[in-house]
J.: 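For reference, the structure I am asking about is given below.
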Amino acid sequence: MSKKIKSITNPKLHLDVLTPAEVNKIHDATLNIIENVGVRFPSARALEIWEANGATVDRDSMIVKAKPHLIEAALKKAPPKYNLCARDPQQDLPLDGNHVFVGTDGCGVEIIDIHSGERRTSRLHDVGEVARVADATEEIGFHWVSLSAQDTPVETRGLHEIKAIWENSTKHLQTESIYNEREARVAIEMASLIAGGKEQLRKRPVLSLMQCTAPPLGHDGGSLDAALVAAEAGIPTGFMTMSAALTTGPATMAGVLAVGNAEVIAATALIQLAYPGAPVFYAAAQTASDLRNGAYTGGGPEDFLFGAATNVLSDFYDIPLSMGSFATGAKDSNWQAGIENSLSTFMACVSMSDMLLGLGFLHGSRIWSYAQMMMDAEIFSIVHKTMQGIVVDEETLALDTIAAVGPGGNFLSQKHTLKHMRDVFLPEFMDRRPYNVWEEKKDDARDWALAKARNILATHQPDPLDERLSKELARLIAAEEK
Amino acid sequence: MSTELFKKMAQSIIDGDSDVSVELANQAVAENIDPIQAITDGYVVGVNVVGEAFANGDAFLPELVMAGEAMKAAVNALEPEMKKRGTERKMLGKIVLATVEGDIHEIGKSLVGTMLSASGFQVFDMGVDVATAKIIAKVKEVDADIVAMSALLTTTMVKQKEVIDMLDKEGLRRKVKVMVGGAPVTRDWVQRIEADGYSEDAIGAVNVAKNLMGI
């Protein structure tokens with residue numbers, strides 16, 4: 001099985017979704033929010049750090065107000081580039097502003113069973129199986145914890161999940177499911193075992209941690225503490241805003257960007273104040289709530305614009321971005337899923353978001369579908385091809401070949417055609433068969449995508465994790481369960 | 001003579017204007033108008049108009065929430081007068097509402113609270129990160145008909161079960177209905193913990209509560 005990871009690099013397409021003046025306006029609004037409205041940091045440790053650095057801290061409300069220069073100076077300490085490392089070094093991911101990598105999404109609670117087709121509650125076994133399919137899929141660069149291992153104890157669930165992924169894949173693991181200090185400490189010990197020691201882990205972070213903000217303008221105490229522990233160990237950390245127009249953010253998109261930006265950069269600044277130079281990333285999945293029921297939508301034109309705009313913001317702060325794309329709100333792999341996942345991914349790619357999330361889910365990141373996973377991978381391949389744009393040079397203009405064929409011939413038997421035919425995109429899941437062939441079975445992308453996933457599960461064995469390592473990981477988890 | 005005032009009250013709800021709805025409530029008290037009548041013939045008329053517009057797709061969630069809040073503010077302003085007169089507004093039922101322990105996610109829970117109280121339930125919103133024992137104590141204190149619990153994490157969702165088990169232990173389970181919600185809550189989970197109802201959104205929660213009360 002190929003170890004290759006597909007990424008978008010050296011794109012030809014470009015989109016100006018925000019002008020530099022507009023970015024400055026959003027930045028100024030953000031600083032104004034942090035200075036005058038404040039952001040809630042419900043963690044004793046976080047509040048101490050803020051206080052020690054001269055921010056105004058209200059111990060009762062746990063709201064921190066910080067002057068612009070404090071935030072700006074802290075953000076300047078963040079490294080602009082670093083690698084997300086993999087168990088297999090060939091699969092390291094350079095976050096250098098010139099690559100877009102896709103990860104699986106998380107953390108869902110149900111799965112469409114790959115054998116029975118029934119929707120059911122997710123289990124630990126599913127976490128490993130999804131990781132194994134992702135390991136074999138070149139469009140997937142890294143893992144999130146796809147599903148909640150609901151058959152494991154609550155207090156060690158996040159640890160069982162990362163163990164299952166490491167045992168089934170050699171790719172980088174970014175967990176969004178560890179959000180307290182205790183579990184974060186054990187996870188770092190586990191990652192140290194994988195990397196070969198604490199110092200090695202600092203050099204080669206095989207794990208990164210993603211925390212959600214608590215919008216509007218707040219954080220979860222456990223998340224803050226976990227992120228601080230990770231930053232101390234040199235593990236990349238990011239804070240994700242899921243600010244939603246109408247509910248956790250204003251109805252206007254600029255306002256959503258500003259309020260979410262305040263959440264993210266305030267927390268990022270905190271990490272830099274505590275551990276200057278620690279690798280950090282910006283994470284976002286803003287959306288608009290549904291006008292009728294307030295639901296998380298997981299798609300729509302607002303999401304597409306947020307997808308393109310957020311990397312402009314993270315570029316302004318010169319840190320990598322992990323951006324929510326895909327993750328359709330559709331209940332099934334249908335018209336809505338195709339539109340939402342294609343456009344959200346295209347728009348996030350066109351501004352070169354470093355990491356994309358969301359692959360594999362239905363119903364707004366709740367229900368895992370292997371078929372959707374495979375189809376999403378193809379959407380990324382389509383966007384990947386599109387982003388290469390049109391190359392115009394002597395070779396591609398093909399004047400000699402055009403002259404050789406002349407009026408009325410065809411290009412099928414030309415050497416130039418043979419040489420370049422593989423530049424033409426060949427889809428796996430699009431139906432280009434004659435109508436009568438389709439009519440025989442009336443099968444489509446969903447059937448073929450599911451068959452592909454089934455085949456991978458039946459045949460793909462990832463490079464195994466050393467059995468002793470596996471036992472050590474299990475021992476660390478067991479020690480937590482005593 | 002009060003018809004004009006009642007019309008204005010209804011309109012203040014339709015406009016979602018809490019300042020005006022409270023001002024009109026104070027005016028009603030000053031003019032010695034029965035607060036119960038002010039609610040029934042004034043404000044509730046507005047709530048119904050917004051509710052109907054919403055059902056028809058002509059009004060949106062923010063309008064519904066603002067109407068609910070204007071209604072709540074008006075009722076609060078009339079409360080002392082009702083107490084003085086020894087009258088009480090007839091409510092559909094008492095609901096203790098909370099986001100469970102270890103979970104700080106508030107917005108969905110609060111939205112449910114607004115919808116329930118706008119629909120005529122008496123809601124005791126305990127906020128977020130509420131310990132099981134506190135929820136049980138509140139249920140006893142107010143003699144609640146329903147406990148409604150929110151959780152956004154699979155790791156905190158288990159507290160919904162803890163509350164149900166505790167209600168059972170305290171012999172309250174037959175008396176108190178339980179409804180649950182939050183993004184990770186599924187039908188499967190609801191069946192497993194033997195809750196009485198759940199809804200994926202705040203509008204649906206009102207219907208669930210009404211069903212549980214046999215309304």
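So that the names make sense, note that chain A is the first sequence line, chain B the second, and so on, each numbered from 1.
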J.: For the residue pair A:D113 / A:H115, report whether a side-chain donor-acceptor contact shorter than 3.5 Å exists.
T.: no
J.: Closer than 4.0 angstrom, basic N to acidic O: yes or no for A:R185 and A:E181?
T.: yes
J.: Looking at B:V158, B:T186, B:L111, which one has more heavy-atom pairs under 4.5 Å with chain A than the rest?
T.: B:T186
J.: Side chain from CB out, backbone as N, CA, C, O: work out which of these in A:R292 comes under 4.5 Å of a heavy atom of chain B, or both, or neither.
T.: both
J.: Which atoms of A:L291 come close to chain B, meaning under 4.5 Å heavy atom to heavy atom: side chain ones, backbone ones, both, or neither?
T.: both
J.: Should the pair B:K140-B:E170 be classified as a salt bridge under the 4.0 Å nitrogen-to-oxygen rule?
T.: yes
J.: Counting C-beta onward and ignoring hydrogens, is there a side-chain heavy-atom pair between A:T121 and A:V109 closer than 4.5 Å?
T.: no
J.: Quick check on B:E106 against chain A: is it the side chain, the backbone, both or neither that has a heavy atom closer than 4.5 Å?
T.: neither
J.: So what's closer than 4.5 Å to chain B heavy atoms on A:Y179: side chain, backbone, both or neither?
T.: side chain
J.: Less than 4.5 Å to any heavy atom of chain A: does that hold for the side chain of B:R192, its backbone, both, or neither?
T.: side chain
J.: Going by side chain to side chain contact (heavy atoms under 4.5 Å, CB included), B:I39 matches just one of B:K90, B:M9, B:M82. Which one?
T.: B:M82
